[in-house]
Amino acid sequence: MVTIGLIGLGRIGVMHAEILALTVDRLVVADSVPDRAQAFATAHPDARIEVRTPDALLSSPDLDGLVITTPTDTHAAIIERAAALNIPLFCEKPVSTGLATTLRVAEIVREQKVRFQMGFQRHFDAGYTAARNSLRSGAIGQLRRVSMGTMDQAPAPREFLAASGGIYTDCLIHDFDALRWVTGREVTEVYAVGTDLGLPDFKDFDDPAETAVLLTMSDGTLVTAQSSRFNGAGYDVRMELHGTLGTETVGLDEHLPMHSAEPGATYPSAEPWTDFILRFKPAYEAEMRAFLEVVQGTREIPAGIEDAVAALLIAEACAASRREHGPVNVPSSAKNFGSEA
C-alpha cells in the first residue's frame with residue numbers, strides 16, 4: 001500500500017492529483033479552501049481519496065510521500081514543516097521567489113536528508129531528452145549556439161503575478177533548468193532586457209511582459225532566451241541546439257503555434273498548444289511516476305534542491321541585469337550572490 005499526500009488543488013495541483021488518483025493505492029488531499037479538496041474527491045468516486053485539512057495532512061504519520069502544489073509563496077514554509085515527516089517530498093517550482101529563503105530551505109533539506117524532487121518536468125519531455133542525448137552522443141557535433149524560450153498565450157491573473165516572483169523566476173526558470181540539464185554546462189553571465197509595456201498588471205510588480213536574455217555558458221557557448229506573456233497564437237516552447245554537424249530542435253511539432261509565410265507551406269497543420277498542461281502532459285505523467293519510484297527507493301532524485309538553487313541563481317541574475325541595464329555574473333556559489341529574499 002502506497003499512500004501519497006497532495007496539498008494544493010489549484011490548476012496544476014488538480015492535474016497532479018488526477019495522475020496520482022489513477023496510480024497510487026491511496027491519495028490524501030488538502031487545500032486551504034476545503035471545498036476544493038472535497039470537490040476533487042467527489043469528482044473521482046472510483047479512486048481511494050481521503051480529504052484532510054492542510055494542518056492535519058502536514059502532521060500525518062501515514063504518508064509515504066508528499067506532493068506540494070500550493071501557491072509559490074507558500075512552498076518554503078510547507079517544505080520546512082514537511083521535512084519533519086521524514087518522507088520524500090515533491091514540490092512544484094520554485095522553492096521560493098527569494099534566494100535567501102531558498103538557501104535556508106536547501107540547508108534544511110540537506111541536514112535532514114530529505115529526498116526532495118523539484119518539479120522540473122522538462123527532464124521527462126521526449127524532445128528535451130532526445131536533444132540531450134543527441135548532444136552528448138556527438139550527433140550534432142560541437143555545440144555553438146542555443147536558442148530557447150517559453151511564450152504564454154495569455155498572461156495569468158493579477159493575483160498570480162503578484163506572488164509568482166516575476167517572469168524569470170516563474171516562467172524562464174524552466175528554460176534555465178533545461179539549459180543546464182540538456183547541455184551539462186553552467187551559465188556564467190547574463191544580460192537581460194524587458195518591458196512591462198506600460199500595463200498596470202506588470203508595471204505594478206516591476207515584472208516584464210516581454211523579455212529577451214543573452215546568456216554565456218562556462219565554455220563560451222552563447223544562448224538566447226526569450227519569454228512573452230502575450231503570444232496570442234498559442235503556447236510556444238522551443239529549444240534549438242546548433243552544432244557544428246547539425247541542429248536539434250525541441251518543440252517543432254504539428255502543434256507549434258506558428259504560421260508559415262512561405263507560399264504553399266502547410267506546416268504546422270494541427271491545432272496549436274494553448275497551455276503548458278496540454279503541451280507537457282506526458283512529461284508530467286512521467287514525472288509523477290518517477291516520484292513514486294523515489295518514494296519506493298528504486299530511483300535516484302531526477303531533479304533536486306541543487307537544481308532549484310542553480311536555476312534561481314540564473315533567474316535572479318537576469319532580474320538584476322534588467323534593473324541595472326548591464327551584464328551580471330552568475331555566481332558558481334550562492335555565497336557570493338548579494339540578493340536577499
Side-chain angles (χ1 to χ4, degrees), residues 12 16 65-69 72 75-76 78-80 82-83 88-125 127-129 131-133 135-136 146 148 150 165 168-188 190 213 215 217-218 223 225 237 239 250 276 280 283-284 286-291 293-295 299-319 330-337 339 341:
I12 200 165
H16 282 308
L66 177 66
V67 175
I68 302 166
T69 52
T72 294
H75 289 176
I78 292 174
I79 295 168
E80 290 180 20
L89 304 179
F90 173 95
C91 183
E92 270 301 330
K93 61 79 196 165
V95 168
S96 167
T97 58
L99 181 62
T101 301
T102 299
L103 292 175
R104 185 181 74 241
V105 172
E107 189 61 26
I108 291 171
V109 167
R110 295 189 191 101
E111 287 181 350
Q112 300 194 28
K113 296 181 171 58
V114 178
R115 285 176 290 166
F116 179 88
Q117 181 176 336
M118 196 77 241
F120 286 137
Q121 88 283 357
R122 296 187 193 184
H123 290 227
F124 302 92
D125 179 75
Y128 284 95
T129 300
R132 183 177 191 261
N133 293 340
L135 176 60
R136 299 193 177 204
V146 179
M148 61 193 310
T150 298
Y168 305 113
T169 299
D170 164 56
C171 188
L172 275 175
I173 198 166
H174 277 295
D175 296 88
F176 302 149
D177 171 70
L179 179 63
R180 296 181 62 251
W181 182 69
V182 169
T183 66
R185 305 166 195 183
E186 300 296 338
V187 177
T188 58
V190 302
V213 185
L215 307 97
M217 307 295 285
S218 54
V223 180
V237 173
M239 182 182 200
V250 181
F276 64 94
F280 287 110
Y284 282 120
E287 181 182 54
M288 277 294 102
R289 288 196 299 270
F291 178 62
E293 291 172 1
V294 170
V295 168
R299 181 175 184 144
E300 295 296 320
I301 302 293
I305 194 70
E306 294 80 8
D307 297 300
V309 171
L312 184 61
L313 282 170
I314 301 170
E316 292 230 340
C318 287
V330 179
S332 58
S333 169
K335 295 178 182 177
N336 301 322
F337 199 78
S339 177

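The analysis underlying the following values was restricted to heavy atoms, covering all of them including side chains, and did not include hydrogens, waters or symmetry mates. Index from 1, following the sequence.
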List the steps, then state whether side-chain contact (heavy atoms from CB on, under 4.5 Å) holds for Val250 with Arg122. CA-CA 11 Å; Val250 181; Arg122 296 187 193 184; over 6 Å; no
Keeping the roles fixed (side chain from Glu92, backbone from Ile12), state whether a donor-acceptor pair exists under 3.5 Å. no
Are the side chain of Glu287 and the backbone of Gln121 linked by a donor-acceptor contact shorter than 3.5 Å? yes
So [Y] and [X], do their side chains get closer than 4.5 Å, heavy atoms only?
X      : Y      : answer
Leu215 : Ile314 : yes
Phe120 : Asp307 : yes
Lys93  : Asp170 : yes
Met217 : Val187 : yes
Asp175 : Tyr168 : no
Val237 : His174 : no
Ile68  : Ile79  : yes
Met239 : Leu179 : yes

List the atom pairs, donor and acceptor, that lie under 3.5 Å between side-chain atoms in residues 110-118 and the rest of the protein, sequence neighbours left out.
| residue | atom | partner | partner atom | Å |
| --- | --- | --- | --- | --- |
| Arg115 | NH1 | Val294 | O | 3.0 |

Asp177: which residues meet the side chain to side chain donor-acceptor pair (under 3.5 Å) condition with it, sequence neighbours left out? His123
Show the nearest heavy-atom pair for residues [X] and [Y], with the distance to one decimal.
X      : Y      : result
Ser96  : Thr101 : OG-CB, 3.4 Å
His75  : Pro94  : ND1-O, 2.6 Å
Phe176 : Ala311 : CD1-O, 4.0 Å

Taking the ring of Phe90 and the ring of His16, is the distance between their centroids below 6.0 Å? yes
